[in-house]
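So you know, we letter chains A, B, ... as the sequences are listed, proteins then strands, and number each from 1. Note that the coordinates shown come from a computational prediction; the quantities given were computed from them, not determined experimentally. For the numbers below, each heavy atom of this structure counts, side chains included, while hydrogens, waters and symmetry mates do not.
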There are 2 protein chains.
Amino acid sequence: MKKGNITIYDIAKEANVSPATVSRVLTGNAKVRPQTMRKIMDVIEKYNFKPNSLARSLLHKQSKTIGFILPDISHPFFSTLFQKSEAYAMELGYTVFLGNTMNNSENESKYLQSLVEKQVDGIIYIGGRINDTDTDKEYAEEIKKVMERIPIVFVNGRMTGVDAHVVRADEESGIDKLVELLINLNHLKIGFLGGLDGISSTDVKKNSFINAMKTRGLSINKDWVIGTGFNIESGEEVATQLLNLNERPTALLCANDLVAIGVIKVLTKFGLKVPEEVSVVGFDDIYLAKHFPPGITTVSQNYDQLGQTAIKVLVDLINEKEAEKEIVVPTSLILRDSCKLLSDS
Amino acid sequence: MKKGNITIYDIAKEANVSPATVSRVLTGNAKVRPQTMRKIMDVIEKYNFKPNSLARSLLHKQSKTIGFILPDISHPFFSTLFQKSEAYAMELGYTVFLGNTMNNSENESKYLQSLVEKQVDGIIYIGGRINDTDTDKEYAEEIKKVMERIPIVFVNGRMTGVDAHVVRADEESGIDKLVELLINLNHLKIGFLGGLDGISSTDVKKNSFINAMKTRGLSINKDWVIGTGFNIESGEEVATQLLNLNERPTALLCANDLVAIGVIKVLTKFGLKVPEEVSVVGFDDIYLAKHFPPGITTVSQNYDQLGQTAIKVLVDLINEKEAEKEIVVPTSLILRDSCKLLSDS
DNA sequence: CTGTTAGCGCCTTCAT
DNA sequence: ATGAAGGCGCTAACAG
């Protein structure tokens with residue numbers, strides 16, 4: 001058996017045909033006499049030959065490969081979204097490079113470079129720099145340069161000055177639904193916890209919260225609007241701050257489920273029962289929201305639809321089809337047991 | 001500006017040099033006069049040229065790409081391990097394809113195929129078929145075929161008849177430490193919950209549990225050894241079964257942290273306090289173990305070391321260096337608040 | 001239906 | 001220090 005890689009030439013030789021014919025059975029792009037076909041297939045089988053897709057890609061100028069840039073694959077929101085997206089991409093014949101940036105812009109740049117060099121056909125971008133409310137000019141430039149050659153779809157983000165296609169969950173209406181729910185449960189004193197100013201998803205949610213409150217004639221207490229981040233620890237932090245206040249809200253809307261979990265942990269530790277004494281709601285509907293006691297009422301981002309839509313738009317762009325510039329995926333309220341009717345006070 | 005992709009030819013033309021010289025500045029493999037160098041660099045910059053790594057790979061016969069096959073990226077164990085591994089791979093100049101198989105052997109085959117065709121330099125394989133205690137012959141064959149050309153490293157798994165390099169966490173001793181801990185806390189009636197027979201990690205843990213118990217002169221009650229899976233739901237399931245028993249263990253060792261969480265949920269719901277009335281321990285030290293009340297005592301798989309070691313071995317194999325056939329990464333006991341000294345009974 | 005040929009973009013001798 | 005040429009593995013056009 002020949003050393004090194006087996007190529008269609010080797011197969012061709014052994015089957016007494018030309019490389020072109022081998023290529024034809026490989027691609028199915030032209031008719032081959034069943035006899036020769038069989039002969040070739042046998043040899044392919046015999047050597048367990050697999051065509052080199054790099055060579056193929058070089059020729060076709062497309063690699064059937066998609067790059068994913070996201071900040072933290074160990075965060076359930078991203079991993080679930082990735083999972084759904086990747087499954088759909090695979091159905092469409094694409095394989096996926098994952099760039100996990102740890103929310104570090106240098107890493108984002110590195111991956112962007114690397115994906116370009118690796119000739120990915122398109123890029124899905126979630127989190128990181130596309131979530132900064134104040135877009136950094138250089139970062140925007142960098143993305144724009146890449147976009148001149150490779151389509152990029154932003155998920156739940158945007159950059160000023162960058163005209164990318166966007167697929168996003170309807171966070172505004174999600175928050176609105178939560179506020180409405182809490183108000184229907186007689187809560188008037190509602191706080192907003194978690195997130196970070198300057199990160200667009202936080203700003204979107206916070207604004208939506210403020211609007212929802214004002215629209216319904218409720219006022220906002222600034223002491224009850226605090227955020228230091230997106231994880232459980234930061235939920236614990238803000239809850240602790242809240243406990244030091246003289247006057248406290250009766251319901252807490254959290255920037256995401258992890259924050260809600262942190263908040264519930266601390267409240268519970270301090271003897272405040274959720275939902276009996278304080279109502280808490282989250283956002284995202286991660287796997288845990290269902291399982292963390294008492295079960296967190298939240299808003300689902302409809303991962304399946306969000307991921308599939310993103311991939312669909314990207315693939316359309318890859319194939320130079322028209323695609324809507326911005327697609328908003330609906331969110332849905334998921335009722336569980338972390339909030340409760342406020343009995344008269 | 002030229003249509004289509006910019007190549008070193010375009011750069012060469014504009015800089016009045018030969019493509020070879022452009023290539024030289026790109027790779028740094030030969031000296032170029034500083035003057036010409038500068039000139040070329042300017043043109044490269046001007047067009048924001050990035051070399052096509054597919055072409056490069058085709059030539060070099062290596063793609064600087066690693067494939068990852070794992071069953072479920074939304075499971076914190078895998079996502080954390082992946083994250084650590086990928087970060088290290090990137091340091092070494094590798095980009096990573098992620099194949100998320102949903103524990104489906106057909107998907108595993110597809111990815112295996114795809115990774116071969118994409119000419120990955122090596123593959124990290126975690127979970128899925130390499131965790132079946134009874135190796136399926138055909139699956140083993142398939143892997144062996146791939147291994148003839150591409151090095152594969154198994155993480156926490158093995159297949160009979162497949163002579164792959166293995167990097168694994170020391171699950172045996174991890175379990176032993178847990179059993180010892182529980183016994184030191186005066187527990188004699190210990191159950192083992194979760195996991196699935198026929199999955200090697202379960203078998204390893206269960207055997208280690210049995211050994212640890214026997215060594216210390218404790219007997220095992222078969223009714224207390226039940227498992228239906230690896231997630232929270234399955235923890236809930238087995239805990240429910242346990243509650244129906246007349247005689248119940250005082251301590252529960254769970255196959256992993258998610259199972260432990262499910263178990264704690266159900267026990268708590270039934271009014272049994274953890275750790276006051278039942279002690280529970282988990283395995284893996286996922287992010288949640290710390291946060292799920294009361295804080296789960298568990299065993300850490302040392303993700304960083306496990307991931308890095310796996311990548312290191314793989315890269316060594318890629319570079320045709322020697323590598324140990326099996327490397328065992330130590331596990332460490334993480335003490336939290338889910339178990340407690342059993343007061344006299 | 002099948003073979004021949006050229007070229008995708010790059011790098012690496014071999015000359016100069 | 002630089003240029004010319006061939007080839008990595010594959011496929012699409014062009015012949016036949």
Side-chain angles (χ1 to χ4, degrees), chain A residues 2-41 43-44 47-65 114 116-121 149-150, chain B residues 2-41 43-44 47-65 114 116-121 149-150:
Chain A
K2 182 165 166 290
K3 272 278 186 181
N5 289 329
I6 302 140
T7 73
I8 50 170
Y9 287 92
D10 305 318
I11 306 293
K13 202 174 294 174
E14 179 133 352
N16 289 315
V17 295
S18 76
T21 307
V22 177
S23 172
R24 284 189 258 266
V25 338
L26 249 30
T27 61
N29 282 339
K31 308 216 154 154
V32 177
R33 191 148 41 103
Q35 248 181 20
T36 27
M37 170 103 135
R38 162 155 256 86
K39 202 169 46 176
I40 293 171
M41 298 269 263
V43 183
I44 289 182
Y47 289 110
N48 195 240
F49 168 77
K50 300 268 185 304
N52 181 331
S53 84
L54 296 183
R56 202 177 263 178
S57 301
L58 187 58
L59 198 63
H60 286 151
K61 290 155 192 280
Q62 58 162 318
S63 59
K64 282 294 186 176
T65 281
S114 166
V116 172
E117 293 182 3
K118 291 242 151 84
Q119 311 293 119
V120 297
D121 296 335
R149 311 200 214 147
I150 305 178
Chain B
K2 182 164 167 287
K3 272 278 188 187
N5 290 329
I6 302 141
T7 73
I8 51 170
Y9 286 91
D10 306 318
I11 305 294
K13 203 174 295 173
E14 180 133 350
N16 289 316
V17 294
S18 76
T21 308
V22 177
S23 173
R24 284 190 257 265
V25 339
L26 249 30
T27 60
N29 282 338
K31 307 215 155 156
V32 177
R33 193 148 40 104
Q35 244 181 24
T36 27
M37 170 105 135
R38 161 153 254 90
K39 203 168 48 176
I40 293 172
M41 299 267 266
V43 183
I44 289 181
Y47 288 109
N48 196 241
F49 168 76
K50 300 267 185 305
N52 182 330
S53 84
L54 296 182
R56 201 176 263 179
S57 302
L58 186 58
L59 200 61
H60 288 344
K61 289 155 192 277
Q62 58 162 317
S63 59
K64 282 292 184 178
T65 280
S114 167
V116 172
E117 292 182 4
K118 292 244 150 81
Q119 311 293 119
V120 297
D121 296 333
R149 310 201 214 147
I150 304 178

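Asn16(A) meets the side-chain contact (heavy atoms from CB on, under 4.5 Å) test with no other residue; sequence neighbours excluded. With sequence neighbours left out, the side chain to side chain donor-acceptor pair (under 3.5 Å) criterion links Arg38(A) to no other residue.
Using a 4.0 Å heavy-atom criterion, one finds that Ser57(A) contacts no nucleic acid atom at all.
Partner of Leu26(A) under the side-chain contact (heavy atoms from CB on, under 4.5 Å) criterion, chosen from Met41(A), Lys50(A), Arg56(A): Arg56(A). Checking each of Val32(A), Val25(A), Thr27(A) against Asn29(A) for a side-chain contact (heavy atoms from CB on, under 4.5 Å) leaves exactly one that passes, namely Thr27(A).
Looking at Asp121(B), its side chain never comes within 3.5 Å of a backbone N or O of Gln62(B) through a donor-acceptor pair. The closest donor-acceptor contact from the side chain of Ser63(A) to the backbone of Gln119(A) lies under 3.5 Å.
Counted within 6.0 Å of NZ on Lys13(B), heavy atoms from surrounding residues, nucleotides or ligands total 12 or fewer; the atom is thus considered open.
When the C1' atom of dA12(D) is taken as reference, atom NZ of Lys31(A) falls 18 Å away, rounded to whole Å. When rounded to the nearest whole Å, the span between CD of Gln62(B) and P of dC11(C) equals 13 Å. Atom CZ in Arg38(A) sits about 16 Å away from atom P in dC1(C), given to the nearest Å.
A distance of 10.0 Å separates OG1 in Thr36(B) from CZ in Arg24(B), rounded to the nearest 0.5 Å. Separating the OG1 atom in Thr7(B) from the CZ atom in Phe49(B) is a distance of 6.5 Å, to the nearest 0.5 Å. Interatomic distance, Ile6(B) CD1 to Ile11(B) CD1, rounded to the nearest 0.5 Å: 6.5 Å. Remark: Leu59(A) CG to Leu54(B) CG distance equals 11.5 Å, nearest 0.5 Å. Residue Leu58(A) holds its CG atom at 6.0 Å from CG of Asn52(B), rounded to the nearest 0.5 Å.
DNA chain C is contacted by Ala20(B) of residues 12-21 of chain B, taking any non-hydrogen atom closer than 4.0 Å.
A pairwise comparison of heavy atoms in Pro19(A) and Ala12(A) identifies N-CB, 3.5 Å as the closest pair.
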Polar atom pairs between nucleotides 7-10 of chain C and protein, under 3.5 Å, N or O only, would you list them?
unit_1	atom_1	unit_2	atom_2	d
dC8(C)	O3'	Lys61(A)	NZ	3.3
dG9(C)	OP1	Lys61(A)	NZ	2.7
dG9(C)	N2	Ala55(B)	O	3.3
dC10(C)	OP1	Asn52(B)	N	2.9
dC10(C)	OP2	Ile8(B)	N	2.6
dC10(C)	N4	Tyr9(B)	OH	3.1

Identify each atom pair where a protein N or O and an N or O of nucleotides 14-16 of chain D are less than 3.5 Å apart, giving names and distance.
none

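If one axis is set at each end of the helix from dC1(C)-dG16(D) to dT16(C)-dA1(D) from five pairs, those axes are 40° apart, to 10°.
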